[in-house]
Amino acid sequence: MKHLLSLVAIIMALLVPQSINARTGVNYAPSASAFTVETNSDAQQVKLRIYNDGLGGKPVKTVNMKHSPSSNTLWQATVKGDLKGKFYTFDVKYGGKFRGECPGIWATAVGVNGKRGAIVDMDETNPHGWDNDKRPDIAANDLILYEMHHRDFSIDESGGFSNKGKFLALTEPRAIEHLKELGVNAVHILPSFDYASVDETRLDQPQYNWGYDPLNYNVPEGGYSTDPCKPEVRIREFKQMVQALHKAGIKVILDVVYNHTWNIDGSNFQRTRPDYFYRKNADGTYSNGSGCGNETASEREAMREFMVESVKYWVEEYHIDGFRFDLMGVHDIETMNAIRKALPNDIFIYGEGWSAGSCAYTGELAMKANIGRMPGIAAFSDEMRDALRGPWDSNSKAAFLGGVKGNEESIKFGIVGAIRHHGIDYSQVNYSKAPYALEPTQMIAYVSCHDDMCLVDRLKASIKDITMDELIRLDLMAQTVVMTSQGVPFMLSGEEMLRDKKGVHNSFESPDSINHLDWDNLERYPQVMEYYKNLIAMRKAHPAFHMGSADMVRRNLDFLPGGNCLVAYHINGRNVPGETWGDIYVAFNAHKRARTIEIPAGEYTVVTRNIKCDPAGITTVRSDGKVTIPAQSALILHN
């Protein structure tokens with residue numbers, strides 16, 4: 001009788017699917033497991049196959065699934081016995097032809113290479129102390145984001161990691177100590193769900209991909225685990241990584257790619273519900289707003305539900321702290337707002353406010369210009385990025401850092417966090433001719449990321465005959481603009497050690513020799529790491545650089561007369577709660593000669609000048625009404 005009641009409870013959970021935990025494809029119980037899959041209404045048959053292994057071998061049981069009494073799109077089956085450790089697939093028949101086996105779209109555990117779903121007891125995947133794991137309490141305006149790829153970060157011998165290229169590398173003291181010393185408090189990890197391009201059966205051979213080719217959205221990638229053949233290992237090791245970072249006070253942001261799949265015919269979406277999840281053009285071809293041959297239809301009910309339940313699952317099961325949405329501009333506004341509403345307020349959400357092409361959708365998309373209609377969601381500022389380093393469509397063109405005039409208003413736009421501000425001539429901003437953020441925390445400030453050239457390579461490519469001294473000065477000035485902006489600052493891993501990628505623009509499948517971090521650079525260029533960590537410490541210690549409120553920014557930040565390749569501003573720290581500095585002056589000089597700005601006469605403490613940054617002060621100066629900014633550098637001082 002007890003087993004019968006358990007089975008009834010499982011079936012009821014399938015009929016009333018309120019969360020991903022009731023939509024996983026399989027609900028495990030020791031006495032019986034219940035399976036469910038949703039199809040289009042014209043599906044003719046669904047076969048469930050049970051396997052002993054995650055890859056290869058013949059099915060040990062094949063079951064014809066039946067329609068749910070409550071829906072003509074929901075199919076279900078119950079298999080008696082303890083199936084823990086087994087694997088399963090669904091195969092859906094349309095038009096007299098089966099579409100091909102897959103684990104369905106709701107799988108939360110899979111075998112090697114993600115071809116079959118796995119039956120596991122999720123409670124057994126929790127590391128010791130997981131129930132006590134807590135997300136760090138860090139407000140959005142206090143975040144400092146550090147974007148990294150698991151393999152890049154730890155694969156090189158110079159790093160000294162035991163778990164090279166694995167989730168567990170981020171549990172090692174070398175990783176934790178470096179991140180804490182640098183001062184970042186949120187790690188943005190490139191796609192870490194199960195993706196298709198790396199063969200997990202050949203991990204002894206060099207393979208590389210960024211991971212923007214989704215296969216199973218709700219399962220950690222097996223290539224980053226120590227044993228992808230054991231489904232529970234990748235899950236447990238991902239949780240251990242999150243747990244270790246949380247103990248260090250560091251949030252974990254997951255890069256999610258709901259805008260496209262790795263292909264169409266082989267995707268779990270297409271094999272279970274053909275053409276439902278993808279947009280099509282008027283001529284019947286698949287729309288390509290993703291630039292990857294397909295784009296998903298977030299506006300459709302089941303796709304919206306999938307996205308909402310998926311992010312909720314990562315928060316609930318893996319304690320994830322936030323999400324970066326790849327090509328967020330492919331998704332519709334209503335879906336992004338539904339995601340925001342479904343998650344706790346302390347979950348940080350941001351994304352690329354653009355698409356990679358035209359989308360076959362006539363409604364409003366989650367583009368950067370529409371950020372004001374998506375409260376609590378942020379977008380990357382390509383205005384600031386390109387004004388500093390040069391336009392995205394040309395590696396060789398320089399901008400502010402290369403002494404090219406005309407970028408000053410775009411930099412000011414980024415400094416205030418893309419909000420409305422009296423000191424900006426929006427007609428001169430490079431991409432956005434109007435403010436788009438309601439609050440500065442809706443703008444991500446950055447100068448480089450995984451995509452496109454890293455900062456060092458871009459400086460080399462755009463500034464002819466650049467010297468190492470000049471490169472370091474410009475690198476540090478660029479990051480000073482980012483870290484003192486009122487938006488949320490973001491940096492690419494390795495920038496603190498002058499990372500380069502040998503000039504490769506798109507290294508998504510380049511070898512380790514291109515993508516790795518060279519940890520020996522910390523010893524070669526110690527002044528760079530010193531500057532970065534002191535700059536970050538200064539931002540964290542002084543609320544004037546992250547006020548978090550548009551009204552406060554407008555009241556307390558004013559731009560000073562500058563000129564070509566010179567941007568300067570003043571913050572009235574006396575009106576900023578918690579700020580210990582009074583009048584704060586910040587200036588960026590991209591000229592190859594020193595420049596001056598006017599400030600009130602008096603004595604000031606210099607905290608940043610040339611290639612030095614020290615929040616405690618480098619020196620004091622007495623101003624007679626003017627102050628000099630050295631060539632190609634930032635100056636920050638206060639009274």
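Residues take their numbers from the sequence shown, with the count starting at 1. Please read these numbers as outputs of a predicted model, since none were measured by experiment.
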Legend entry - L498 and M468: CA distance, side-chain angles, deciding distance, side-chain contact (heavy atoms from CB on, under 4.5 Å) verdict: CA-CA 11 Å; L498 283 190; M468 180 55 70; 4.3 Å; yes
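Salt-bridge check for E352 with R324: passed, with a basic side-chain N closer than 4.0 Å to an acidic carboxylate O. Of the charged side-chain nitrogens involved, at least one lies within less than 4.0 Å of a carboxylate oxygen, so that R499 and D152 count as a salt-bridged pair. Of the charged side-chain nitrogens involved, none lies within less than 4.0 Å of a carboxylate oxygen, so that D156 and K164 do not count as a salt-bridged pair. Ion pair E309/K312 flagged as a salt bridge, since at least one NZ, NE, NH1 or NH2 atom sits closer than 4.0 Å to an Asp/Glu carboxylate oxygen. We find that R524 and D518 are joined by a salt bridge, their nearest charged nitrogen and carboxylate oxygen being less than 4.0 Å apart.
Using a 3.5 Å distance cut-off with no hydrogens or angles, the side chains of Y208 and H516 do not pair a donor with an acceptor. No hydrogens or angles considered: nothing links the side chains of S158 and D520 as a donor-acceptor pair under 3.5 Å. N430 and N407 share no donor-acceptor pair across their side chains, judged by distance under 3.5 Å alone. Using modelled atom types, one finds a donor on one side chain and an acceptor on the other under 3.5 Å when comparing D475 with Y532. Side-chain contact, E470 with Q632: a donor N or O sits under 3.5 Å from an acceptor N or O. With no hydrogens or angles considered, no side-chain donor-acceptor pair links N294 and H260 at under 3.5 Å. Side chains of S225 and E237: no donor on one and acceptor on the other come within 3.5 Å. In this model, a donor atom of one side chain and an acceptor atom of the other lie less than 3.5 Å apart for K239 and N126. Side-chain contact, D386 with Y431: a donor N or O sits under 3.5 Å from an acceptor N or O. Donor-acceptor pairing under 3.5 Å is lacking for the side chains of N141 and T441. When only modelled atom types and interatomic distance are considered, D452 and H505 share a side-chain donor-acceptor pair under 3.5 Å. With no hydrogens or angles considered, a side-chain donor-acceptor pair links S197 and D213 at under 3.5 Å. In summary, the side chains of Y258 and T296 do not present any donor paired with an acceptor at a separation below 3.5 Å, with no hydrogens or angles considered. With 3.5 Å as the limit, one finds a donor-acceptor pair spanning the side chains of D142 and H546. Using a 3.5 Å distance cut-off with no hydrogens or angles, the side chains of S192 and E221 do not pair a donor with an acceptor. In this model, no donor atom of one side chain and acceptor atom of the other lie less than 3.5 Å apart for E295 and N288.
Minimum interatomic distance between I176 and A244 (heavy atoms only, all atoms of both residues): CD1-O, 3.9 Å. Across all their heavy atoms, F269 and T261 have their closest contact at CD1-CG2, 3.5 Å.
Using a 4.5 Å cut-off on side-chain heavy atoms (C-beta onward), C449 and F490 make contact. Counting heavy atoms from C-beta outward, L492 and L455 have side chains that stay 4.5 Å or more apart. Taking the side chain as every heavy atom from C-beta outward, L388 and V481 approach each other to under 4.5 Å. You'll find the side chain of P228 reaches within 4.5 Å of the side chain of L203, heavy atoms only. Counting only heavy atoms from C-beta outward, the side chains of H150 and L170 approach each other to under 4.5 Å.
In K540, the NZ atom is crowded: over 12 heavy atoms of neighbouring residues, nucleotides or ligands sit closer than 6.0 Å. The number of heavy-atom neighbours closer than 6.0 Å to NZ of K397, taken from other residues, nucleotides and ligands shown, is 12 or below. Heavy-atom neighbours of Q205 CD from other residues, nucleotides or ligands within 6.0 Å: above the threshold of 12. Remark: E157 CD is loosely packed, at most 12 non-hydrogen atoms of other residues, nucleotides or ligands lying under 6.0 Å away.
Proximity of the aromatic rings of Y146 and H188 is defined here by a centroid distance below 6.0 angstrom, and this criterion is not met.
Checked against R234 for a side chain to side chain donor-acceptor pair (under 3.5 Å), the options D227, D194, T125 give a single hit: D194.
Remark: D614 pairs with A616, I618 by the side-chain contact (heavy atoms from CB on, under 4.5 Å) rule, at least two apart or across chains. Contacts of D500 classified as salt bridge (Lys or Arg N to Asp or Glu O under 4.0 Å), with partners at least two apart in sequence or in another chain: K502. Looking at residues two or more places apart in sequence or on another chain, you find a ring-ring contact (aromatic ring centres under 6.0 Å, His included) between F193 and Y217.
A cation-pi arrangement is not found for K612 relative to Y531, the charged atom failing to lie both closer than 6.0 Å to the ring centre and inside a 45° cone about the ring normal.
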